[in-house]
Each structure stands twice: as structure tokens, then as C-alpha cells.
Asker: 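Got a structure for you, written out below as C-alpha cells; questions coming shortly.
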Number of protein chains: 2
Amino acid sequence: MLAIGTLAKRTGTKVQTIRYYEQIGLLPEPGRTEGGQRRYGDTDLDRLAFIRHARQLGFTLEATRELLDLSDNPDRSCAEVDVIAHRQLKEVEVRISRLEALRKELKRMLRECSRDTVSDCRVLEVLRDHSACLANHDKGV
Amino acid sequence: MLAIGTLAKRTGTKVQTIRYYEQIGLLPEPGRTEGGQRRYGDTDLDRLAFIRHARQLGFTLEATRELLDLSDNPDRSCAEVDVIAHRQLKEVEVRISRLEALRKELKRMLRECSRDTVSDCRVLEVLRDHSACLANHDKGV
DNA sequence: GCTTGAACCTCTACCCACTGTAGCTTGTAA
DNA sequence: TTACAAGCTACAGTGGGTAGAGGTTCAAGC
Ligand SMILES: [Zn+2]
Ligand SMILES: [Zn+2]
Ligand SMILES: [Zn+2]
Ligand SMILES: [Zn+2]
């Protein structure tokens with residue numbers, strides 16, 4: 001049986017985060033020692049590793065919860081899993097294209113800057129005057 | 001003079017957000033009517049437009065605050081501005097490369113999935129077993 | 001001038017996904 | 001036995017807003 005600190009180290013999680021996951025019902029309440037300290041088994045280790053990996057891949061805790069639920073029912077079709085993963089993929093792709101637009105505009109601003117006084121700064125100029133900006137913020141990209 | 005709702009519409013900001021910016025000292029306290037309602041001038045309009053544009057380009061409110069301060073001192077060198085913008089560019093680039101790694105791995109997971117039962121689902125398999133994953137989460141990429 | 005109702009006001013709580021702190025108790029190795 | 005690392009609970013705070021309750025003010029139409 002593992003103490004919470006050991007579990008934390010093995011999964012690269014902070015102790016508080018583990019207690020937080022328990023609090024929101026993502027991890028089951030573990031057994032306790034006489035003195036009230038949490039003790040974990042291998043099932044908990046696997047479950048927490050799963051959660052951490054899902055988080056590293058950008059899934060929300062809610063999506064992670066759904067994935068865990070599905071993972072607990074091995075006979076069901078994996079279509080639902082794939083829907084969640086696909087949704088996450090779309091999400092990531094939207095964020096990428098948004099960030100690429102920002103990257104482009106930031107680079108342009110910096111390239112065009114005269115590096116003189118603030119009053120001539122192209123960066124501030126663009127910030128003040130949206131029409132000098134090539135990014136389409138309105139369209140969410 | 002503009003009421004808060006008009007200012008909100010003109011800048012594409014929610015009314016609550018404007019009050020929030022005032023609360024954190026990003027917008028100055030405006031004049032009020034006899035009855036206590038806020039009234040804004042063109043200076044406020046420009047300042048809020050600047051803030052919104054900086055936000056759309058991904059700058060944090062803290063960075064935006066620094067940019068506003070610099071913008072108020074037209075005689076200073078724009079080097080500081082460029083440092084902030086450059087920092088933001090780096091930030092954006094880090095986020096992009098992280099997201100691209102996720103994108104790649106999500107696509108791979110989905111491509112390899114047999115679309116059968118949950119027990120055979122490649123997506124869940126990868127989530128359960130990090131060694132089946134090609135993304136390097138450890139290195140922050 | 002009066003009525004109506006949209007828009008304003010303050011205050012509080014909530015979102016996500018944690019993280020940090022204070023003040024106390026327990027477990028374990030020397 | 002003692003020292004102290006590691007555990008415990010409870011609560012506050014992060015960023016960047018957003019939502020709602022419950023009350024007040026403004027302005028247009030009559
Ligand atoms: Zn500049
Ligand atoms: Zn722009
Ligand atoms: Zn699958
Ligand atoms: Zn991975």
C-alpha cells in the first residue's frame with residue numbers, strides 16, 4: 001500500500017491534486033490507516049496514471065471522467081471513446097489555428113517596428129488601431 | 001458621454017467585463033451621473049479598445065497593463081514594448097508546438113483504433129499505457 | 001408630467017484545474 | 001523515545017472573466 005506522497009511521486013502529481021481528484025469524485029475514496037492517512041493500491045495507481053495521461057493530452061477532467069467510465073465497461077463499443085477523442089482533436093486544431101494567426105501577427109508587428117521611441121512603436125500602433133492588424137479576431141481564428 | 005452598455009457594444013466587451021477591468025485598475029474610475037451611473041469619454045473608448053485588442057492577441061492582463069503604461073509615455077524607447085511582444089511571441093510558439101504534439105498523437109490514436117469494443121480501443125490503450133504514446137509530455141512539448 | 005421597462009447599480013458566487021498556506025496530527029527511522 | 005518528514009483538514013487564491021439576485025435610474029412615449 002502506498003502513502004499519498006509515494007503515489008504522487010510515481011505519477012508525477014502533486015499531493016494536493018490527488019486529494020482534489022478525490023474530492024471531485026474522479027478518484028475513489030481510498031482506505032485509511034488507523035490514524036486517518038490515505039493508503040492506495042495498484043488500481044488507484046493505474047487510474048491516476050490514466051487521468052494524468054489524459055490531462056497531458058489536453059482532455060478536460062469531464063472528458064477524462066467519461067473516458068474512465070467507458071474504460072470500466074470493456075464490452076461496449078469504442079465509438080463513444082472515439083467521439084470524445086475526435087472532439088478533443090478538433091478542439092486542439094482550433095486552438096492551433098488561432099495561435100498561428102496570433103504568431104503571424106506578432107511576428108509582423110515586431111518586424112515592422114522601427115525600434116525607436118514609444119510614439120513610433122509599430123507594436124503599440126497596431127494595438128491602438130485594429131485596422132492596422134491583419135489577424136481576423138472576429139472569426140475566432 | 002457614453003453609458004456602459006454603449007461602450008460595451010462599441011468595443012465588443014461585456015458590461016461586467018468593463019466593471020471588472022475598472023475593479024482591477026486597468027480602466028480608470030469614470031465620471032458618474034447624479035444617480036450613480038458610469039459615463040465614459042473617448043479616452044476610455046480608446047483605452048478599452050487597446051485592452052481588447054491586446055487580449056485578442058493573447059497578451060495577459062498584466063502584460064496589457066505594462067503595454068498601456070508604456071503607451072502613456074511616448075518619449076521612452078520602445079525596446080520594452082518589443083521585449084513584451086517578443087515574450088508573448090515565444091509563449092505562443094511554445095503553446096503551438098505543445099498542441100501540435102498533442103494533435104499528432106490524437107490523430108495517431110484515432111487512426112490506429114479498430115473501432116470495435118472498448119477492450120480493444122487503441123485510444124484507451126494509449127491512455128492506460130504511456131509507453132504506447134509517442135508524445136514527450138515530460139519535456140513540456 | 002407620468003409611466004414603463006430597459007438598462008444600470010452593488011454584491012456575491014461560480015467556472016476550470018489546480019496550488020498554497022496555516023495549524024494541527026501521524027508515521028517511521030535512528 | 002524522540003525528532004521531524006509527511007500526513008491531515010479547511011480555506012483562500014490564481015486568471016479572466018461570467019451569471020444572477022435584488023434594487024435603482026434613465027429616457028422615451030403618451
Ligand atoms: Zn516597438
Ligand atoms: Zn488584431
Ligand atoms: Zn477506439
Ligand atoms: Zn502520452
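Side chains included, hydrogens not; waters and symmetry mates left out as well; all remaining heavy atoms used. Lettering of chains follows the sequences in order, A, B, ..., and the numbering in each one begins at 1.
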Asker: Any idea which heavy atoms bring B/F59 and A/L106 closest together, and the distance?
Answerer: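 Closest approach of B/F59 to A/L106: CZ-CD2, 3.7 Å.
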Asker: Quick check on D/dT25: is either OP1 or OP2 less than 4.0 Å from any side-chain nitrogen or oxygen of B/T33?
Answerer: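 For D/dT25, neither OP1 nor OP2 has a side-chain N or O of B/T33 closer than 4.0 Å.
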Asker: Does the side chain of A/R32 get closer than 4.0 angstrom to OP1 or OP2 of D/dT9 through an N or O atom?
Answerer: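 So the side-chain polar atoms of A/R32 do come within 4.0 Å of the phosphate oxygens OP1 or OP2 of D/dT9, strictly under.
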Asker: When you check the gap from the basic side-chain N to the acidic O, do A/D44 and A/R39 get nearer than 4.0 Å?
Answerer: no
Asker: So how far is it from B/L48 CG to B/T11 OG1, rounded to the nearest 0.5 Å?
Answerer: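 So the CG of B/L48 and the OG1 of B/T11 are separated by 4.0 Å.
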Asker: For A/E22 and D/dT9, give me the distance from atom CD to atom P, rounded to whole Å.
Answerer: 8 Å
Asker: Rounded to the nearest Å, what distance is computed from the CD atom of residue A/E34 to the P atom of nucleotide C/dT26?
Answerer: 11 Å
Asker: Is a salt bridge present between B/R38 and B/E29, judged by a nitrogen-to-oxygen distance below 4.0 Å?
Answerer: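 Salt bridge absent between B/R38 and B/E29.
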Asker: Hey, is B/D82 close enough to A/R115 for a salt bridge, meaning N to O under 4.0 Å?
Answerer: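 Counted as a salt bridge, because a side-chain N and a carboxylate O are separated by less than 4.0 Å.
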Asker: Return the value, rounded to whole Å, for the distance between atom CD of B/E29 and atom C1' of C/dC9.
Answerer: 14 Å
Asker: Base contacts versus sugar-phosphate-only contacts with protein, heavy atoms under 4.0 Å: please encode nucleotides 3-8 of chain C as B, S and - from 5' to 3'.
Answerer: -----S
Asker: At under 4.0 Å between heavy atoms, how does the protein contact nucleotides 13-19 of chain C? Give one character per nucleotide, 5' to 3', with B, S or -.
Answerer: ----BBB
Asker: Between A/R95 and A/E100, does at least one N-O distance fall below 4.0 Å, as a salt bridge requires?
Answerer: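 Judged by the 4.0 Å cut-off on N to carboxylate O distance, A/R95 and A/E100 do not form a salt bridge.
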Asker: Is the shortest distance from a Lys or Arg side-chain nitrogen in A/E62 or A/R65 to a carboxylate oxygen in the other one below 4.0 Å?
Answerer: yes
Asker: Does B/R128 come within less than 4.0 Å of B/E125, counting only side-chain N to carboxylate O?
Answerer: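 Judged by the 4.0 Å cut-off on N to carboxylate O distance, B/R128 and B/E125 do not form a salt bridge.
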